[in-house]
Protein chains: 2
Amino acid sequence: METYNLQDDSYLKVLRPLVEAYQAIFEVGDRHIRSMGLTPAQFDVIAELWGTDGLTAVELSQSTLLAKASLTGIIDRLESKGLVERHAVPRDRRSMNVKLTKAGIALHRKCFPAQAKMMRPYFERALSQHDVNVLQKLLVRLRDSCRKR
Amino acid sequence: METYNLQDDSYLKVLRPLVEAYQAIFEVGDRHIRSMGLTPAQFDVIAELWGTDGLTAVELSQSTLLAKASLTGIIDRLESKGLVERHAVPRDRRSMNVKLTKAGIALHRKCFPAQAKMMRPYFERALSQHDVNVLQKLLVRLRDSCRKR
DNA sequence: TATTGTTATACTCTATAACTATA
DNA sequence: TATAGTTATAGAGTATAACAATA
């Protein structure tokens with residue numbers, strides 16, 4: 001079988017474990033989100049709304065990188081679950097302010113620490129405090145490099 | 001704004017940079033895959049088939065974690081693009097052997113080094129050879145921990 | 001004219017259940 | 001009976017284009 005002569009390439013040495021680690025972690029988190037009856041896209045919107053006083057569809061579109069027409073359905077489903085509300089914006093009657101309800105806030109408050117509590121042991125049994133600091137530093141460097149053109 | 005008292009949690013210190021690094025890398029890769037007219041799920045299947053002499057639907061189902069009924073459609077679309085072929089298995093007439101065509105092999109061959117060539121500088125300017133080895137080791141440990149129950 | 005959000009439409013992913021052909 | 005794959009069905013995500021209301 002053909003190879004690409006990339007064995008001495010640092011790129012692949014890091015990329016593959018990074019992808020696999022991400023996927024292993026994500027699988028756990030994903031199951032948790034779905035067990036609450038949410039999809040990842042719906043949870044993304046809740047996370048974006050968290051800590052704000054509401055966002056418009058255009059603002060959500062920018063932060064989630066979704067088309068605004070795609071958001072309509074996602075917001076519909078969150079609204080039908082009672083987790084967000086649409087409010088009129090007095091200043092601009094074209095806009096809607098999308099805001100977490102009390103139930104939405106409660107769900108996030110319940111979900112987030114539960115997720116952390118569940119995931120923490122997987123991290124702690126694998127990494128020392130020193131490992132954590134090193135890993136964080138290297139990942140931030142890599143992230144920033146990939147973000148910059 | 002409320003906080004969760006998780007500042008001293010190694011979990012978040014690593015998780016956030018890991019997710020952000022993954023997303024920064026994959027924004028580039030995802031665009032590349034879609035520019036070839038493929039979806040991530042389709043490319044996953046191609047990547048699983050690469051280097052094999054063909055796999056059955058059940059084997060693909062296991063490696064991609066998709067329901068076998070979901071794979072039917074994905075394989076259909078790859079087949080209609082001429083990238084994979086279904087072959088009968090003489091030993092067991094219930095099974096299908098799904099295999100990359102020449103075009104599928106060519107696509108992977110074209111895509112993969114192009115991706116590597118594009119991504120490599122982002123890695124190399126951020127990490128020394130020593131960094132690469134450390135990062136790889138820590139990510140593998142984390143991955144394995146998250147995979148194990 | 002330009003912008004905000006929705007509708008209309010279409011495609012893909014994904015799952016479960018029922019079915020068929022085989023083993 | 002059990003297994004491999006497909007079909008049927010359904011829900012969700014995603015995009016583009018067209019539209020109504022408003023700016």
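Below, read A as the first sequence line, B as the second, and so on, with proteins coming before strands; counting in each chain starts at 1.
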Checklist entry - From dA23(D), dT22(C), dT7(C), pick the nucleotide closest to the side chain of Arg93(A)? => result dA23(D)
Checklist entry - dA15(C), dT6(D), dG13(D): which one has an atom nearest the side-chain heavy atoms of Leu66(B)? => result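 The answer is dA15(C), which lies nearest to the side chain.
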Nearest-Å distance for atom pair [atom1]/[atom2], residues [X] and [N]:
X: Leu78(A); N: dG13(D); atom1: CG; atom2: P; value: 8 Å
X: Arg94(A); N: dA23(D); atom1: CZ; atom2: P; value: 7 Å
X: Arg34(B); N: dT14(D); atom1: CZ; atom2: C1'; value: 8 Å
X: Lys68(A); N: dT6(C); atom1: NZ; atom2: C1'; value: 9 Å
X: Leu60(A); N: dT4(C); atom1: CG; atom2: C1'; value: 13 Å
X: Leu55(A); N: dG5(C); atom1: CG; atom2: P; value: 11 Å
X: Ile75(A); N: dA12(D); atom1: CD1; atom2: C1'; value: 15 Å
X: Ile74(B); N: dC13(C); atom1: CD1; atom2: P; value: 5 Å

Checklist outcome for this item: Comparing Asp92(A) with Arg77(A), nearest DNA chain D nucleotide closer to 5' gives the residue Arg77(A)
So what does [X] touch, heavy atoms closer than 4.0 Å: a base, only the sugar-phosphate, or nothing?
X: Arg86(B); value: sugar-phosphate
X: Ala41(A); value: sugar-phosphate
X: Ala67(B); value: base
X: Leu71(A); value: nothing
X: Thr39(B); value: sugar-phosphate

Checklist entry - From Gln23(A) CD over to Cys146(B) SG, what is the distance, rounded to the nearest 0.5 angstrom? => result 12.0 Å
Checklist entry - Could you state the interatomic distance from CG (Leu55(A)) to CD (Gln62(A)), rounded to the nearest 0.5 Å? => result 10.0 Å
Next on the checklist: With a 4.5 Å cut-off on side-chain heavy atoms, are Lys68(A) and Thr72(A) touching?
Outcome noted: no
Item to check | Side chain to side chain, Leu138(A) and Val14(A), heavy atoms closer than 4.5 Å | outcome: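 No, their side chains stay 4.5 Å or more apart.
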Next on the checklist: Restricting to non-hydrogen atoms, name the atom on Arg34(A) and the atom on Pro40(A) that form the minimum distance, rounded to 0.1 Å.
Outcome noted: NH2-CD, 3.3 Å
Checklist entry - Given dT6(D), is OP1 or OP2 found less than 4.0 Å from the side-chain N or O atoms of Thr72(B)? => result yes
Next on the checklist: Regarding dA15(D), can its base be found pairing with the side chain of Ser70(A) as donor and acceptor, where the two atoms are less than 3.5 Å apart?
Outcome noted: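 Per atom types, the contact qualifies.
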